[in-house]
Engineer: 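Mind looking over this structure? Questions follow.
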Amino acid sequence: MPDVLIELFSEEIPARMQTRAAEDLRKLVTDGLVEGGLHYAHARAFSTPRRLVLAIEGLSLESPTQREERKGPKVGAPEKALEGFLRSTGLSMDQLHTHEDKKGAFYVAHLTKPGRPAPQILSEVLDKTIRNFPWPKAMRWGSGSLRWVRPLHSIIALMVTEAGAEVVPLDIDGIVAGNTTRGHRFMAPGAFEVSNFDDYAAKLKRAFVVLDATERADIIEHEIRNQAFALGLELVEDKGLLAEVAGLVEWPVVLVGEIGADFLSLPPEVLQTSMREHQKFFSLRKPGNGQIVRFVTVANRETADNGATILQGNQKVLAARLSDAKFFWENDLREVANVGLSGMAEGLANVTFHNKLGSQKARIDRICALAREIAPLVGADPDPAETAARIAKADLQSAMVGEFPELQGTMGVYYAKADGQPDAVANACKAHYQPLGPSDDVPSEPISVAVALADKIDTLTGFWAIDEKPTGSKDPFALRRAALGVIRLVVGNGVRGSLNSLAEVASVIALKQLAYQKRLYAEFRGEGAGDGAAGGFNFDHKYLEDSTFQLHVLRVPYREEEVLASTDEAAWLCSYEKPAIVSADLLAFFHDRLKVYLRDQGIRHDVIDACLAMPGNDDLTLLVNRATALSDVLKTDDGENLIQGYKRANNILSQAEAKDGVEYSFGADPKFAETDEERALFTALDEAEAAIAPAMAKEDFATAMAAMATLRAPIDAFFTATQINTDNAIVRRNRLNLLHRIRAICAGVADLTRLDG
Amino acid sequence: MSVSTDKPRSFQEIILRLQAYWAAQGCAILQPYDMEVGAGTFHPATTLRSLGSQPWAAAYVQPSRRPTDGRYGENPNRMQHYYQYQVLIKPSPPAMQDLYLGSLDAIGIDTALHDVRFVEDDWESPTLGAWGLGWEVWCDGMEVSQFTYFQQVGGHDCRPVSGELTYGLERLAMYVLGIDHVMDMPFNDPQAPIPLTYGDIFRQTEQEYSRHNFDAATTEMLLRHFEDAEAECSRLLAFEPADPNSGKRIIMVHPAYDQCIKASHLFNLLDARGVISVTERQAYIGRVRALAKACADAFVQTEAGGWRAEVTA
């Protein structure tokens with residue numbers, strides 16, 4: 001069985017695309033071969049900055065011969081039909097066979113489609129694969145029309161058998177497949193021939209190319225750890241960077257350099273980010289205090305001076321980069337010292353958050369007011385919560401975050417501490433963005449929780465108010481993530497309270513803010529001060545001017561005279577009467593997200609529905625506790641069977657009520673009980689009720705559900721022993737009333753009718 | 001590769017060696033375009049000549065202005081006026097990378113001692129409606145050039161594709177000469193009777209233009225000139241191709257494109273003056289792009305842009 005070696009040799013392929021491209025090559029070629037009737041034993045793909053490589057083992061020599069008997073016209077059919085059949089099969093009259101069935105004799109063509117040799121199939125598959133390769137971005141070059149990620153220079157396409165290697169015939173827009181390649185761009189640029197995969201890999205290594213990206217990454221990591229160990233330092237792990245760097249070099253050479261003493265006082269996150277983002281350097285830190293003291297660069301070659309020139313150059317570039325970072329850091333600290341972090345935040349008035357929702361400052365004003373409201377619910381004081389909200393996004397105005405957006409929040413914590421804020425307030429600068437994704441940590445410090453919730457709820461109500469909801473796969477403002485964040489913050493911290501009323505408060509704050517800004521703007525215009533270009537308003541002028549612009553789904557009245565009387569916007573935003581509006585749509589969105597969240601926790605959708613149907617379903621903690629308890633009890637034998645009993649009771653009762661036109665809801669009396677099982681059920685219901693009521697009062701769903709589950713045996717026994725619809729009307733009514741007790745007890749815990757099965 | 005591994009001694013020697021090298025590779029050595037541009041790409045020898053089917057090979061120095069980058073001559077490597085070296089070859093030759101590496105050798109970068117790498121960097125110019133794929137070229141971790149295969153310019157597919165090289169001359173020269181602050185860099189030979197540094201020539205102008213760009217340029221005038229340039233560009237392109245005086249077919253692409261360049265620079269000045277908001281910014285870029293696109297549309301209707309009288313006649 002032959003082996004196959006493919007190499008597509010090009011100019012430098014972007015690091016981030018290499019792994020995927022190698023996998024695509026493997027899949028497209030092997031799928032194509034199988035489709036062409038071939039089979040193979042094993043296929044591996046590799047990538048370097050300049051090549052995609054595929055090695056296939058044990059390919060079949062040719063596709064199998066296919067035989068077909070094609071039925072033709074009847075013997076004696078019109079001449080035309082016969083001619084058509086001969087034409088379509090390419091046969092002559094004397095090559096046809098005649099067969100007989102119960103309808104009579106008919107012609108049959110015995111067709112043989114010979115198998116095709118593997119090189120021919122491979123050549124076609126390669127041609128198609130190369131011309132239609134799924135690069136994220138492809139390009140043309142020179143005068144050609146072929147598209148590849150960067151100019152494609154040469155192709156190796158070899159079929160290797162015991163007899164030797166044979167070049168697969170392939171010509172793609174003038175690039176003719178052969179058996180030669182080149183080594184490292186600088187260390188071994190000459191061409192050489194290869195005869196099979198092992199020969200290829202070995203010769204490449206002699207030509208300073210490590211073919212396997214995993215091997216390159218291992219070499220890099222191993223070498224960094226060795227050199228770090230020798231220096232008494234440790235590597236700051238960065239798998240993403242390791243994979244990227246492995247895609248930038250064919251011959252990795254690890255060089256460790258010093259970071260100038262001037263820069264060692266920078267926060268480690270700044271050093272690491274600057275070095276990673278700009279220079280693709282790794283960081284080495286001291287094991288004790290985590291201080292970053294060395295950088296690691298991975299060069300693509302060995303040199304006569306053992307990398308001294310390369311290291312010197314990199315050091316110089318780094319010094320220039322870190323000079324910038326240091327300048328930003330010192331500038332930011334100076335500004336914090338001069339105007340405080342809240343002063344830095346003032347500049348956010350000039351940054352648009354969304355044209356219909358005002359500036360970042362307008363947004364922060366709302367978050368401040370909302371954070372005050374949420375603070376007591378999470379065990380935080382309103383004042384520090386407001387302070388934290390006021391400064392939480394101030395670092396967006398810092399020079400450092402301007403340069404490195406990914407340091408938002410992280411810099412805020414440093415600057416807040418420099419501003420003299422207590423840790424609990426400072427930490428909120430970073431924590432209020434969290435959780436950033438399903439696996440990110442949920443903050444637990446009360447002030448951080450308050451600001452994080454206020455931030456996300458303001459975002460959600462704001463975008464709901466201007467009708468920018470997620471649709472299908474489009475969620476440009478990451479509202480699903482915000483809703484999941486709210487859910488995880490609430491549930492993770494056991495926060496109690498009505499989400500609806502918080503959303504209402506947030507909506508009212510937004511509306512009042514708009515009203516206030518409109519009033520200021522009207523006054524400004526009234527004074528003839530121009531068109532407002534220099535007015536420093538928190539909203540786009542066209543919305544402030546437009547008397548019909550309202551945050552349109554909100555219909556909250558505010559008192560005009562109150563707006564006119566107030567002179568302190570921030571204070572006014574914090575003082576309001578709670579309105580009675582329901583943002584049912586937003587709540588439904590939360591419930592959808594909650595279902596996704598709970599499904600990931602292994603809670604079935606019907607269990608969630610059974611709990612959503614209960615009152616207080618906008619208290620997410622209560623809802624989740626209930627759903628968790630119900631889910632747990634359903635996993636027990638009693639729980640699962642209780643549902644059957646409950647449904648049976650409910651069905652019989654509902655049917656009887658429909659038939660009789662009455663409600664059986666009262667007055668089941670043990671004295672009309674005829675069987676032991678019936679009496680036992682009375683006792684069991686009394687006991688369960690006695691246990692469930694106080695548990696429910698304490699919202700101890702686990703105890704309540706466990707008590708409910710004890711009803712399973714008595715209910716089953718009752719149904720086995722007792723006929724509900726007896727001729728005795730009194731006994732029947734009594735039994736139906738008894739069934740009602742089962743329904744009532746269970747319905748107080750969850751709506752079990754919504755459960756499947 | 002060539003043998004000039006001896007180190008150049010001045011900024012101008014690096015420029016001269018690049019000129020000699022690319023001349024030896026067969027490029028026409030052009031002179032800078034006589035207008036204010038933000039980058040060498042704006043030179044019609046690149047923007048317009050990358051369009052259409054006619055072969056092209058040119059190299060030139062282009063003084064470039066980025067008003068927002070002014071630092072009063074104090075930043076070691078940031079200025080509002082600097083030089084780019086630009087090479088454009090159409091169609092891009094198969095050995096374009098090797099040709100480029102040869103130019104590094106020509107200016108004294110010994111690739112046997114340095115770590116030269118091609119790192120992904122896709123190029124896009126929103127104002128020119130242009131994009132291409134390529135790399136930034138790193139030498140020991142420092143970006144020394146941009147290398148781009150043009151795919152589209154002014155909204156037109158480039159057929160054939162041009163290979164474009166852009167060297168940031170100051171940064172490259174500082175690296176080769178081992179200079180830490182651009183103003184300290186020898187401009188001519190340090191052994192010359194009258195040695196001049198980069199700072200001798202440009203420190204004062206950096207100060208003057210920084211002040212002008214950030215604080216003094218009259219914004220109303222700039223806005224007005226922007227409108228004028230925009231209108232004039234469209235007006236020039238609206239003329240009938242047939243010129244009544246000469247009786248020839250003359251489309252005034254280059255004069256129109258000059259107005260597009262002007263509009264672009266005026267926008268940059270307005271940006272530096274801080275009078276363009278984030279939302280307006282996009283609108284202005286869109287307006288310049290519309291001009292660039294109109295010029296590109298017109299250029300491909302000219303002979304230099306591949307138009308043939310007999311084809312249409």
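So that the names make sense, note that chain A is the first sequence line, chain B the second, and so on, each numbered from 1.
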Engineer: Sort out for me which of A:Met17, A:Arg150, A:Lys137 touches chain B most, counting heavy-atom pairs under 4.5 Å.
Structural biologist: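 Most heavy-atom pairs under 4.5 Å with chain B: A:Arg150.
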Engineer: Inspect the contact between B:Glu220 and B:Arg224 and indicate whether a charged nitrogen and a carboxylate oxygen are less than 4.0 angstrom apart.
Structural biologist: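 No.
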Engineer: With only heavy atoms counted, which part of B:Tyr175 is less than 4.5 Å from chain A, the side chain, the backbone, both or neither?
Structural biologist: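 Looking at B:Tyr175, just its side chain touches chain A.
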Engineer: Please determine, among B:Ala112, B:Pro91, B:Pro76, the option with the most heavy-atom pairs under 4.5 Å with chain A.
Structural biologist: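 Most heavy-atom pairs under 4.5 Å with chain A: B:Ala112.
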Engineer: For atom CD of A:Glu330, decide whether the heavy atoms of other residues, nucleotides or ligands shown that lie under 6.0 angstrom number more than 12.
Structural biologist: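 Yes, because the 6.0 Å sphere around CD of A:Glu330 holds more than 12 heavy atoms from other groups.
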Engineer: Out of A:Val149, A:Val298, A:Val249, return the one with the most heavy atom pairs under 4.5 angstrom to chain B.
Structural biologist: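 It is A:Val298.
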Engineer: Just verifying a value: how many Å separate A:Arg321 CZ and B:Met142 CE, rounded to the nearest 0.5 Å?
Structural biologist: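 Rounded to the nearest 0.5 Å, the CZ-CE separation comes out at 10.0 Å.
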Engineer: So A:Trp148 and A:Phe133, would you call those rings parallel, tilted or perpendicular, with 30° and 60° as cut-offs?
Structural biologist: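 Tilted, since the angle between the ring planes falls between 30° and 60°.
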Engineer: Between B:Asp157 (side chain only) and B:Gln152 (backbone N and O only), is there a donor and an acceptor less than 3.5 Å apart?
Structural biologist: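 Looks like no, no N/O pair under 3.5 Å.
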Engineer: If you count heavy-atom pairs under 4.5 Å with chain B, which of A:His278, A:Met139, A:Arg140 comes out on top?
Structural biologist: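 It is A:Arg140.
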Engineer: Has A:Glu250 got a side-chain atom pairing as donor or acceptor with A:Thr48's backbone, closer than 3.5 angstrom?
Structural biologist: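 Not at all, since once roles are kept as given, no pair shorter than 3.5 Å links the two residues.
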Engineer: Please rank A:Lys280, A:Arg16, A:His153, A:Glu302 by heavy-atom pairs under 4.5 Å with chain B and give me the top one.
Structural biologist: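 Answer, by heavy-atom pair count under 4.5 Å with chain B: A:Arg16.
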Engineer: Relative to each other, are the rings of B:Phe147 and B:Phe118 parallel, tilted or perpendicular (30° and 60° limits)?
Structural biologist: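 Rings of B:Phe147 and B:Phe118: perpendicular, as their planes differ by over 60°.
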Engineer: Keeping the roles fixed (side chain from B:Ser210, backbone from B:Tyr72), state whether a donor-acceptor pair exists under 3.5 Å.
Structural biologist: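 Answer holds: yes.
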Engineer: Quick check on A:Arg20: does its CZ atom have over 12 non-hydrogen neighbours (other residues, nucleotides or ligands) under 6.0 Å away?
Structural biologist: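 At most 12 heavy atoms, drawn from other residues, nucleotides or ligands, come within 6.0 Å of this atom.
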Engineer: Please look at B:Arg117 and chain A and tell me whether the side chain, the backbone, both or neither of the residue comes under 4.5 angstrom of a heavy atom of that chain.
Structural biologist: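 Looking at B:Arg117, just its side chain touches chain A.
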Engineer: Are there residues of residues 52-59 of chain B that reach to under 4.5 Å of chain A by heavy atoms, and which ones?
Structural biologist: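 Not one residue of residues 52-59 of chain B has a heavy atom under 4.5 Å from chain A.
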Engineer: Is B:Gln80 reaching over with its side chain to a backbone N or O of B:Glu206, donor-acceptor style, under 3.5 angstrom?
Structural biologist: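 Absent.
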Engineer: In terms of side-chain geometry, is the basic nitrogen of A:Arg185 or B:Asp115 positioned less than 4.0 Å from the acidic oxygen of its partner?
Structural biologist: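 A salt bridge is absent here (no side-chain N lies under 4.0 Å from a carboxylate O).
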Engineer: Can you tell which part of A:Met187 gets under 4.5 Å to a heavy atom of chain B, answering side chain, backbone, both or neither?
Structural biologist: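 No part of it gets close to chain B.
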Engineer: Taking the side chain from A:Arg294 and the backbone from A:Leu284, do they hold a donor-acceptor pair closer than 3.5 Å?
Structural biologist: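 Checking the backbone N and O of A:Leu284 against the side chain of A:Arg294, no donor-acceptor pair under 3.5 Å is found.
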Engineer: Is A:Val253 in contact with chain B via its backbone, its side chain, both, or neither, using a 4.5 Å heavy-atom distance?
Structural biologist: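 No part of A:Val253 comes within 4.5 Å of chain B.
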Engineer: Determine which residues belonging to residues 306-319 of chain A lie within contact range of chain B, meaning some heavy atom pair is under 4.5 Å apart, and list them by number or answer 'none'.
Structural biologist: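 From residues 306-319 of chain A, the residues near chain B are A:Thr309, A:Ile310, A:Gly313, A:Asn314, A:Lys316, A:Val317.
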Engineer: Please work out whether the ring planes of B:Phe150 and B:Trp123 are parallel, tilted or perpendicular, with thresholds of 30° and 60°.
Structural biologist: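 Correct class here is parallel.
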Engineer: Taking A:Ser274 for the side chain and A:Leu271 for the main chain, is one N or O donor matched with an acceptor at less than 3.5 Å?
Structural biologist: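 A pair under 3.5 Å: no.
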